[in-house]
Amino acid sequence: QSQGIPVLVSIGGQNGHVVLNTIAQKDTFIQGVIDIIEEYGFDGLDIDFEGGSMNFGGGSLTDFSYATISNGNYPKLKNVVDAITEIDAHFGEGFHLTAAPELFYVQVGYGTYTDMAGSFLPVIDNIRNILDYIHVQLYNSGGVVALDNQGYSTGTADFVVAMTDMLLKGFDVATTGIHFNALSQSQVVIGLPACPNAAPAGGYVTPNDLCNALYYLTQGISFGGSYNTQAAVYPNLRGAMTWSVNWDKMSNCGGEWEFSNNIWDFFNPVLTEAETNEILTSDYFVFPNPANDIINIVCPEIKDNTEIRIFDINGKLMMKKKICTSSHKIDLSTFPTGEYFIIIKNSLSKKVFPVIHL
């Protein structure tokens, strides 16, 4: 918190079941959560209900409206929605509200909807206006059918793309006639295990596969996967969550801080002073320089992970693109005039070029 990082309390988990059958139980839950947050100074609440906590008795719903869940037939569902909204209202602006459901309670609802399968969808729908973001656990789940009606297995870039695309496009809920509307890009976070041991039932995604998925989702750069987003691109995707910081720290389960460093570098690249001094001569060509609008980049060797990043003179990232051809054009017409640094990097090398936009 002293570094400006919000710290949330997470309620639930595999063994922390929460079932609110009555208004009295709802009120007890609300007061208990408020007391915990206020005593320890948390910045928000993460809903991580699992197992029996996710049976809200809403399998017979014909729509997700608050009026319908309040008609007296769905007390557990109404109570959990009311509890979350009342806690958020108590703390007001600046309070963080997030959720970490398992796949079975969200995306599985596309193919099957019951009291359990897809059960978190009506909750999400009724708190979407106060939900900061959701990080569905894309692991320990087995295969799931996506929007193209094909099944995808955990632990792959395709799975990450397909499951994320479902939340960003929305989907029909099984045969109910209900449509779950898309969440905003800023509300969707990709949840993955930090290393293989963190998800014994599967779901670990290698850093390279995760970056491939992120490039496709945020920039539309294909990695040759089977799932097709139909040209949908999500440049404002919120980020990534991992289970957990403890696993990520372990050097014998993947590399130490492998997940954190990889994700941070993707979403928050910063040009360091050392990199500005790392101006190397090579067979890479960047011309013309100075340039009015178009800069040509010629790379003698293109690897699968070759990337171009452009930073302004203050180290702010202005553009990031993955490239797959040896000759590439960059349009600077939307950039203010001034000095920039172009970094071309892959697993084998990194070159830094200062350029001037006239």
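Below, each value reflects all heavy atoms present in this structure, side chains not excepted, and no hydrogens, waters or symmetry copies. None of the values given here were measured: they were computed from a predicted structure.
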Inset, instruction - Carefully, step by step, assess Trp243 and Tyr139 under the rule side-chain contact (heavy atoms from CB on, under 4.5 Å). - result: CA-CA 10 Å; Trp243 174 263; Tyr139 49 94; 3.3 Å; yes
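- A donor-acceptor distance shorter than 3.5 angstrom exists from the side chain of Thr85 to the backbone of Asp82, with no hydrogens or angles considered.
- Side-chain contact between Glu38 and Phe91 is present, with at least one heavy-atom pair separated by less than 4.5 Å.
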Inset, instruction - May I have the step-by-step check of side-chain contact (heavy atoms from CB on, under 4.5 Å) for Leu61 and Tyr74, ending in yes or no? - result: CA-CA 9 Å; Leu61 284 169; Tyr74 309 99; 3.6 Å; yes
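- Side-chain atoms of Thr156 and Phe159, non-hydrogen and from C-beta on, do get closer than 4.5 Å to each other.
- By the neighbour-count criterion of 12 heavy atoms within 6.0 Å, atom CH2 of Trp247 is densely surrounded, having more than that number from other residues, nucleotides or ligands.
- No side-chain donor-acceptor contact under 3.5 Å links Lys26 to the backbone of Val80.
- Residue Asn79 forms a side-chain contact (heavy atoms from CB on, under 4.5 Å) with just one option from Asp27, Ile69, Leu20, and that option is Leu20.
- A tilted orientation is assigned to the rings of Phe49 and Phe56, their planes being inclined by 30° to 60°.
- With sequence neighbours left out, Cys211 forms a disulfide bond (SG atoms under 2.5 Å apart) with no residue at all.
- Using a 4.5 Å heavy-atom threshold, the side chains of Tyr152 and Ser226 count as touching.
- When all heavy atoms of Met163 and Leu138 are compared, the pair lying nearest together is CB-CD2, 3.7 Å.
- Around the CD1 atom of Ile23, the shell of radius 6.0 Å holds no more than 12 heavy atoms that belong to other residues, nucleotides or ligands.
- The shortest side-chain heavy-atom distance between His90 and Gln31 does not fall under the 4.5 Å cut-off.
- Smallest separation of non-hydrogen atoms from His179 and Gly170: CE1-C, 4.1 Å.
- Annotation for Ala146 and Tyr110: closest pair O-CE2, 3.1 Å, computed over non-hydrogen atoms.
- A continuous path of hydrophobic side-chain contacts links Ile178 to Leu147 [ILVMFWY only; heavy atoms under 4.5 Å].
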Legend entry - Pair Tyr113-Asp172, side-chain hydrogen bond (donor to acceptor under 3.5 Å, both in side chains): steps then yes or no: CA-CA 10 Å; Tyr113 181 74; Asp172 292 332; over 6 Å; no
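- Looking at heavy atoms from C-beta onward, Thr218 lies out of side-chain contact with Val233 at the 4.5 angstrom threshold.
- The aromatic rings of Phe171 and Phe180 sit tilted, their planes meeting at an angle between 30° and 60°.
- Using a 3.5 Å distance cut-off with no hydrogens or angles, the side chains of His96 and Asp132 do not pair a donor with an acceptor.
- Side-chain contact of Asp165 with Tyr227: a donor-acceptor pair under 3.5 Å is present, judged by distance alone.
- Note: Glu339 CD to His357 NE2 = 13.5 Å, rounded to the nearest 0.5 Å.
- Cluster membership check: Val136 does not share its hydrophobic cluster with Met241, using side-chain heavy-atom separations under 4.5 Å among Ile, Leu, Val, Met, Phe, Trp and Tyr.
- With values rounded to the nearest 0.5 angstrom, Ile221 atom CD1 is found 10.0 Å from Asn212 atom CG.
- Atom CD1 in Ile30 sits 11.5 Å away from atom CG in Asp35 (nearest 0.5 Å).
- Cluster membership check: Ile356 does not share its hydrophobic cluster with Met318, using side-chain heavy-atom separations under 4.5 Å among Ile, Leu, Val, Met, Phe, Trp and Tyr.
- Using modelled atom types, one side-chain atom of Gln187 and one backbone atom of Arg128 make a donor-acceptor pair closer than 3.5 Å.
- When the side chains of ILVMFWY residues are joined at heavy-atom separations under 4.5 Å, either directly or via intervening members, Val9 and Ile87 end up in a single hydrophobic cluster.
- No donor-acceptor distance shorter than 3.5 angstrom exists from the side chain of Asn236 to the backbone of Gln185, with no hydrogens or angles considered.
- What you find for Leu103 and Ser141 is that their closest heavy atoms are CD1-OG, 3.1 Å.
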Inset, instruction - List the steps and the verdict of side-chain contact (heavy atoms from CB on, under 4.5 Å) for Phe353 and Ile297. - result: CA-CA 11 Å; Phe353 299 90; Ile297 298 176; over 6 Å; no
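- The aromatic rings of Phe335 and Tyr340 sit tilted relative to each other, their planes meeting at an angle between 30° and 60°.
- One side chain, Thr98 or Asp46, offers a donor N or O that lies under 3.5 Å from an acceptor on the other.
- No donor-acceptor pair closer than 3.5 Å links the side chain of Asn262 to the backbone N or O of Trp257.
- The closest donor-acceptor contact from the side chain of Gln1 to the backbone of Phe42 lies at 3.5 Å or more, if one exists at all.
- Side chain to side chain, Ser333 and Asp331 meet the donor-acceptor criterion of an N or O pair below 3.5 Å.
- With rounding to the nearest 0.5 Å, the separation of CG in Leu214 from OG1 in Thr164 is 8.0 Å.
- By the 4.5 Å heavy-atom criterion applied to side chains, Asn140 and Pro200 are counted as neighbours.
- Here the closest heavy-atom approach between residue Ser70 and residue Lys78 is recorded as OG-CE, 3.4 Å.
- Aromatic pair Phe311/Phe341: ring centres not closer than 6.0 Å.
- Side-chain contact annotation: Thr68 with Ser65, donor-acceptor N/O pair under 3.5 Å present.
- A distance of 8.5 Å separates CZ in Phe266 from CG in Leu210, rounded to the nearest 0.5 Å.
- No hydrogens or angles considered: nothing links the side chains of Asp158 and Tyr216 as a donor-acceptor pair under 3.5 Å.
- Criterion: ILVMFWY side-chain heavy atoms under 4.5 Å apart, direct or through other members. Under it, Val245 and Val205 are not part of a common hydrophobic cluster.
- Between the side chains of Tyr204 and Thr154, not a single donor N or O lies within less than 3.5 Å of an accepting N or O.
- Judged by distance alone, the side chain of Asp48 and the main-chain N or O of Ser10 form no donor-acceptor pair under 3.5 Å.
- Looking at Phe64 and Ile124, their side chains never come closer than 4.5 Å, going by heavy atoms from C-beta outward.
- A donor-acceptor distance shorter than 3.5 angstrom exists from the side chain of Asn71 to the backbone of Asn73, with no hydrogens or angles considered.
- Distance alone, capped at 3.5 Å, places no donor-acceptor pair between the Tyr234 side chain and the Val188 backbone.
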Inset, instruction - Take Tyr133 and Leu183 through the side-chain contact (heavy atoms from CB on, under 4.5 Å) test and state the conclusion after the steps. - result: CA-CA 9 Å; Tyr133 56 84; Leu183 295 169; over 6 Å; no
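- A donor-acceptor pair under 3.5 Å links the side-chain atoms of Ser53 to the main chain of Val18, judged by distance alone.
- A 4.5 Å side-chain heavy-atom check between Pro122 and Leu77 finds at least one atom pair inside the cut-off.
- Between the CG atom of Leu8 and the CD1 atom of Ile37 there is a distance of 8.0 Å, given to the nearest 0.5 Å.
- A side-chain donor from one of Lys329 and Asn296 sits under 3.5 Å from a side-chain acceptor of the other.
- Across all their heavy atoms, Val81 and Val123 have their closest contact at CG2-CA, 4.2 Å.
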